A.B. asks: 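Quick one: the structure is below, and I'll ask about it shortly.
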Amino acid sequence: MSVVFDTATLPSRDRLPGLVAILEQTALRADRELELAPGQDAVSARMESWQVGPVTLLRANMPGMSTTRNAAHVRASPTSTLAVSLLPLRAGRREHEHRRYVSRPGACEVFDYSRPLRFDWSGQDSPIGMFFDADGLDLPGDTIAAATGHLHTSPLHSFLTTQLASMIDRADGLVADAGAEQFGHACIELIRAVLISAAEHGPCDGTAVPARLLMRQILDFTRRRATDPDLHMPTIAAAHHISVRRLYRLCAESGISLEQCLIAARLDHARRLLVAPVAQQRSIAAIAHASGFRDPTHFTRRFRRRYGLTPSQWRAEHPSPTQPGPAAGSWRGRPALPLFSVR
């Protein structure tokens, strides 16, 4: 356990200034207002944190507080941090991108710090939370936004509240355990499941329906993993806990051929890779495999059908840029894949 701050270590006159200073130093940029009685200049506060793999656990016993992170704050301190918090036993108020909610006592809520938000709670309480990088969820922002304020509607919500409370109670042991890293990743997977569930079960604002939201998740998943040669309709369906039949039905209702989108994304990746400076020594077969094709002959046939040239002809007619690129083996990026949209 790491004690981030404890007023018990400070003289009474320094406790309030100390708490204000630590909030400014350790938190993202925002406007904060502590709930204090008139003339009150002494406070009691203690903040503790634990690192469990990719997840940071935080418990903060402190006075009530109002926090506003507006668009200017988001621009000044951009982040991909997401938090899931178990709220105090008193209700609070929240606002996420101009949508208002009343936080339910004892319920979990999601806080997306990459977007404007406002929240507050009253009284001396101990909110607890898990903080992590939203990229680890591998979910589109629409899903997170749709679930915000509605986690309690998911049938999985109670599992999340129980786990978060249990983790705090056993935090010291979790940190020291050999499986801490894997357990942290498992926590993110649970949160991912709850967000997907809440996005579908929660109230709808009329701008999207569950099937459309699910299709967006499927397209985003497919785009991210297009170069995986094992990515096929059954694996895509399994990853979203639906049947292959339902996946085909969703695609038909959206007017999308997912198989053709997948092939197009792989071909586009290959086309860009063929002329990338870092890939000039790679064979056509290696390019095909790196783009998600198992059979170089099938790849060549598909490539020529789409672009009118074989991969070798394309490489010859589109020489790589003359400027030096990164050394072979050091390339960390991937050529951009085409974006998909749901009609």
Side-chain angles (χ1 to χ4, degrees), residues 53-54 78 80 132-141 143 181-182 184-185 188-189 192 215-240 244 247-248 251 254 256-342:
S80 57
F132 55 93
D133 193 322
D135 290 343
L137 288 171
D138 197 20
L139 285 178
T143 302
E181 181 76 20
Q182 289 73 19
H185 286 287
I188 293 178
E189 283 300 307
R192 182 178 187 275
M215 196 66 219
R216 286 182 178 175
Q217 296 170 11
I218 291 169
L219 290 173
D220 184 72
F221 176 87
T222 303
R223 176 183 62 82
R224 288 172 179 265
R225 291 172 167 77
T227 57
D228 179 358
D230 293 322
L231 187 67
H232 302 292
M233 297 295 276
T235 54
I236 294 170
H240 293 85
V244 175
L247 177 58
Y248 276 111
C251 291
S254 302
I256 292 172
S257 171
L258 197 59
E259 292 169 318
Q260 292 304 312
C261 287
L262 180 58
I263 292 171
R266 288 171 172 171
L267 289 172
D268 186 70
H269 182 273
R271 176 180 63 85
R272 295 170 184 269
L273 193 56
L274 281 166
V275 298
V278 296
Q280 290 308 292
Q281 302 305 313
R282 295 192 189 185
S283 66
I284 299 301
I287 296 289
H289 189 269
S291 301
F293 292 92
R294 292 191 181 279
D295 184 354
T297 302
H298 174 68
F299 162 64
T300 297
R301 185 169 59 251
R302 286 280 191 176
F303 192 94
R304 181 166 50 192
R305 184 183 305 169
R306 184 173 182 85
Y307 299 112
L309 298 171
T310 66
S312 297
Q313 290 169 337
W314 182 274
R315 174 179 271 174
E317 294 193 13
H318 299 80
S320 61
T322 55
Q323 64 266 27
S330 66
W331 188 38
R332 296 184 180 178
R334 286 184 175 178
L337 298 178
L339 296 177
F340 307 132
S341 62
V342 180

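Values reported hereafter were calculated over all heavy atoms of this structure, with side chains retained and with hydrogens, waters and symmetry mates removed. Given the structure is predicted, the values throughout are model-derived calculations rather than measurements.
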A.B. asks: Locate the shortest heavy-atom distance separating Ala285 from Pro296; write the atom from each residue and the value.
C.D. replies: CB-CG, 3.8 Å
A.B. asks: To the closest 0.5 Å, what do you measure between OG1 (Thr222) and CG (Leu258)?
C.D. replies: 4.5 Å
A.B. asks: What class does the angle between the rings of His318 and Trp314 fall in, given that below 30° is parallel, 30 to 60° is tilted and above 60° is perpendicular?
C.D. replies: parallel
A.B. asks: Which atom names give the shortest non-hydrogen contact between Cys251 and Met215, and what distance separates them?
C.D. replies: SG-CE, 3.7 Å
A.B. asks: Measuring from Ile218:CD1 to Met233:CE, what's the distance to the nearest 0.5 Å?
C.D. replies: 8.5 Å
A.B. asks: Supply the atom-to-atom distance Thr300 OG1 to Arg305 CZ, rounded to the nearest 0.5 angstrom.
C.D. replies: 12.0 Å
A.B. asks: After noting the C-alpha distance and the side-chain angles of Val244 and Ile236, does the key distance pass the side-chain contact (heavy atoms from CB on, under 4.5 Å) rule?
C.D. replies: CA-CA 8 Å; Val244 175; Ile236 294 170; over 6 Å; no
A.B. asks: Can you see which heavy atom on Leu273 is nearest to which on Ala290, and at what distance?
C.D. replies: CD2-CB, 4.0 Å
A.B. asks: Hey, mind stepping through Ile256 and Cys261 against side-chain contact (heavy atoms from CB on, under 4.5 Å) and telling me if it holds?
C.D. replies: CA-CA 8 Å; Ile256 292 172; Cys261 287; 3.8 Å; yes
A.B. asks: Using a 4.5 Å cut-off on heavy atoms from C-beta on, say whether the side chain of Glu181 contacts that of Pro54.
C.D. replies: yes
A.B. asks: If we check salt bridge (charged side-chain N to carboxylate O under 4.0 Å, His left out) with Asp138, which of these qualifies: Arg225, Arg192, Arg223?
C.D. replies: Arg225
A.B. asks: Measuring only between side-chain heavy atoms, which start at C-beta, is Ile284 closer than 4.5 Å to Thr310?
C.D. replies: no
A.B. asks: Using modelled atom types and a 3.5 Å cut-off, is there a donor and acceptor pairing between side-chain atoms of Arg266 and backbone atoms of Asp228?
C.D. replies: yes
A.B. asks: Given side chains that start at C-beta, do those of Leu267 and Phe299 come closer than 4.5 Å, heavy atoms only?
C.D. replies: yes
A.B. asks: For a quick check under 3.5 Å, do His185 and Glu189 share a side-chain donor-acceptor pair by atom type?
C.D. replies: no
A.B. asks: So, taking the atom named OG in Ser80 and the one named CG in Leu137, what distance separates them when rounded to the nearest 0.5 Å?
C.D. replies: 10.0 Å
A.B. asks: Closer than 4.0 angstrom, basic N to acidic O: yes or no for Asp268 and Arg272?
C.D. replies: yes
A.B. asks: Over all heavy atoms of both residues, which pair between Arg282 and Ala286 is shortest? Give the atoms and the distance, please.
C.D. replies: CB-CB, 4.3 Å
A.B. asks: Out of curiosity, Arg315 CZ to Leu309 CG, how far, rounded to the nearest 0.5 Å?
C.D. replies: 14.0 Å
A.B. asks: Which value, rounded to the nearest 0.5 Å, describes the distance between His269 atom NE2 and Ile287 atom CD1?
C.D. replies: 8.5 Å
A.B. asks: What are the two closest non-hydrogen atoms of Gly136 and Ile188, and how far apart are they?
C.D. replies: O-CG2, 3.7 Å
A.B. asks: Does any part of the side chain of Arg216, heavy atoms only, come nearer than 4.5 Å to the side chain of Thr143, both counted from C-beta?
C.D. replies: no
